[in-house]
Amino acid sequence: MTEEQRDRLLLQLEIDQLNAAYAATLDERRFDEWPGFFTEDGRYRVQARENFDRGLPLALIDLESQGMMKDRVYGVTQTIYHGPYYTRHVVSPAQVLGEQGGLVRARTHYAVFRTRPGDASEVYNVGRYLDEIVRTPAGLRLASRQCIYDSEMVLNSLIYPI
Amino acid sequence: MNAPQSLARWADAGSSRVPFWAYTDPQLYRLELEKIFYGRHWCYVGLAVEIPNVGDYKLTWVGERQVIVVRDRVAPKDRDTDHGIRVVENRCAHRGVRFCQQPHGNARSFVCPYHQWTYKLNGDLAGLPFKDGVKDGDCINGGMPPGFDLKDHGLAKLRVEVLHGLVFATFNAEAEPLAEYFGPQVMPWLDRIFKGRGLTLLGYNRQRIPGNWKLMMENIKDPYHPGLLHTWFVTFGLWRADQKSRMVTDAHGRHAVMISRRNEGGQNAAVTSGVTSFKADMQLHDKRLLDVVPEPWWTVDDPSDPGTSITPSVTMITLFPSLIIQQQVNSLSTRHIVPRGTGEFDFVWTHFGFADDAPEMTRRRLRQANLFGPAGFVSADDGEVIAFSQEGFAQWGEGGSTLCELGGTGIGGAEHMVTESLIRSMYAYWRKVMGQ
């Protein structure tokens, strides 16, 4: 194994750990910690595949800063009235697509299951993360995460981040 | 007894107590499809801007019937009188196959894969294999009977009207012209948003809501709930009972417009005291989420007070039976109701802007879209409470009814929002159509 190959594997492992921590944060409902996975001007977007494929700009959730993410967290925990549910994220290994100007591009597949208390689990949102990741003194951070979902028909509402 | 048996089981006078069976009875629902969605009503099928070029098509729904909206060729001499948009049912005239499976695309003709029956874009049958049989030596085997005429076997064609780029269709031959269907009370509010303006398509959001389709119409004819259920509306003054507002209906009570003007929000004991959704200390970390910029077209001559002008920041238009048009500050969308049985409907949001929007305005519209849609700060909870309503109706059964008497039991418009009269108006019309 060349040094280059080893570095690439280590980078993938680091991204996998970032994704694992991200998923655990959401599934364990530590929502206040979620914006911390992003850079201060990080982008977060949840977008239906049909819009993405057709180049239509509309997203289901479209946030342009850590501040907006904090507003989303306040919104989902304090303001939106909805039936309670748990999420479970299952994420694939990351695929590193390239690196340019300090930005690592990566793609990871995800499935999110929803379970309402006392009910059966259902497939809630399935898609892929398209990420731009930067290395900061505090570790890897998302400069941009797009969640492009195949499940174009949302099962009523989507409250918590994906 | 030769007299026709009355099917009416709506016992109360008026329309202020809606029986739970109106939301849960499967037989009644089948009748609603026939009398409302396939009856003398116009149903929204899309925006002309979604199919800009000849051959462009999209699939959508009229009631439970899937239809194709397509842009046909138009001869130069007909261009002043023919918008070129056709709506045909996605059901082959041969064996009933739903032949078109791509949700949108471009086609020269439509071909059913089963036996390759081929249709023109206007739904006419162009041809089919082996119509005249297959030659075998001197004889001809099979083929269609001698009287078979292509003209008799096209796709089901709907009547189509296009109003300011909004496309409507109906299966019914007798529905009045579209502008008459909406009526003079509602038309000025459609003109205000759409007349003379090119649209741009921003994209779609889709959600499946486990509730009766009428509950969504009610939700947007209900000015009572937004300042109570929706924290963002009451806290930031986007919609609440201390605003100058107007409720408009057409002469039949089937369509409505809720019109209001944003205020500064914050405390006002008359509308925030005891309202748990009001958050006095709520501040946005990033104020761009509510970066509202008034647009010139917001101001129009007041249709009910000629000579004066009016500048609403919100107009919510319900066009019976299946369309809601939203202007909430800078966010614009059509919301299409697709019924799927008594207890479920799909809700398709199409967000749009205007052709002359600067890039900053487009970004603003997209940003404000965070408030609306299946994940919206405001709208996500509408889908949730609709599901809870349906659950409540279903668990009780025949004898129950909703109470809909804010502002009395009458129907018609109002100059404030402390009323449920628009819902009562719709059910007064619904009772007539449904023979209840």
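Every chain is numbered from 1, with letters handed out A, B, ... down the list of sequences.
Only the side chain of B/His104 comes within less than 4.5 Å of a heavy atom of chain A; its backbone N, CA, C and O stay farther away. Residue contact with chain B, scored on non-hydrogen atoms closer than 4.5 Å, is absent for A/Tyr160. Residue contact with chain B, scored on non-hydrogen atoms closer than 4.5 Å, involves the backbone and the side chain of A/Leu60 alike. Interface remark: B/Val385 contributes side-chain atoms only to the contact with chain A (heavy atom separation under 4.5 Å). For a residue to count as touching a neighbouring chain, one of its non-hydrogen atoms must lie under 4.5 Å from one of that chain's; by this rule A/Tyr149 touches chain B with the side chain only. At a 4.5 Å heavy-atom cutoff, the contact between A/Glu64 and chain B is made by backbone and side-chain atoms alike. Heavy atoms closer than 4.5 Å to chain A are found in the side chain of B/Arg363, but not in its backbone. For A/Asn51, the part lying near chain B is the side chain, with the backbone staying farther off; criterion is any non-hydrogen pair under 4.5 Å. Proximity to chain A (any heavy atom under 4.5 Å) is restricted, for B/Phe388, to the side chain, taken from C-beta onward.
Most heavy-atom pairs under 4.5 Å with chain B: of the set A/Ala59, A/Ser65, A/Pro57, this distinction falls to A/Pro57. Contacts with chain B were tallied for A/Ala48, A/Gly75, A/Gly55, A/Gly67; A/Gly67 has the most, counting heavy-atom pairs under 4.5 Å. Per-residue counts of heavy-atom pairs under 4.5 Å with chain B were compared for A/Leu158, A/Asp71, A/Val154; the largest is that of A/Asp71. Ranked by heavy-atom pairs shorter than 4.5 Å toward chain A, the options B/Thr362, B/Leu229, B/Leu289 are led by B/Leu289. Ranked by non-hydrogen atom pairs under 4.5 Å with chain A, the options B/Leu366, B/Asp286, B/Val378 are led by B/Asp286.
Applying the 6.0 Å contact sphere to CD of A/Glu40 captures no more than 12 heavy atoms from other residues, nucleotides or ligands. Other residues, nucleotides and ligands contribute only 12 or fewer heavy atoms inside 6.0 Å of the CZ atom of A/Arg135.
We find that B/Arg364 and B/Asp357 are not joined by a salt bridge, their nearest charged nitrogen and carboxylate oxygen being 4.0 Å or further apart. Ion pairing of A/Glu132 with A/Arg43 is absent here, as no side-chain N (NZ or NE/NH1/NH2) approaches a carboxylate O to less than 4.0 Å.
In this structure, A/Arg72 is not positioned above the aromatic face of A/Tyr74 in the sense of NZ or CZ being under 6.0 Å from the six-membered ring centre and within 45° of the axis. A cation-pi arrangement, defined by a distance under 6.0 Å to the six-membered ring centre and an angle within 45 degrees of its axis, is absent between B/Arg335 and B/Tyr44.
Just one of B/Gln207, B/Arg206, B/His336 meets the side chain to side chain contact (heavy atoms under 4.5 Å, CB included) condition when paired with B/Trp349; it is B/Gln207. A side-chain hydrogen bond (donor to acceptor under 3.5 Å, both in side chains) with B/Ser333 holds for exactly one of B/His351, B/Gln326, B/Gln328; it is B/Gln326.
Annotation: ring pair (Phe, Tyr, Trp, His ring centres under 6.0 Å) contacts of B/Phe354 (sequence neighbours excluded): B/Trp297.
For the pair B/Asp381 and B/Phe377, the tightest heavy-atom approach, listed with the atom from each and the gap, is OD2-O, 4.1 Å.
Using modelled atom types, one side-chain atom of B/Gln243 and one backbone atom of B/Arg240 make a donor-acceptor pair closer than 3.5 Å. Looking at B/Gln390, its side chain does come within 3.5 Å of a backbone N or O of B/Asn212 through a donor-acceptor pair. Of the possible polar contacts, none joining the B/Glu344 side chain to the B/Trp213 backbone as a donor-acceptor pair under 3.5 Å is found.
Close approach to chain B, defined as a heavy atom under 4.5 Å from one of its heavy atoms, is seen in A/Gln78, A/Thr79, A/Ile80, A/Tyr81, A/His82, A/Gly83 of residues 76-106 of chain A, taken by number.
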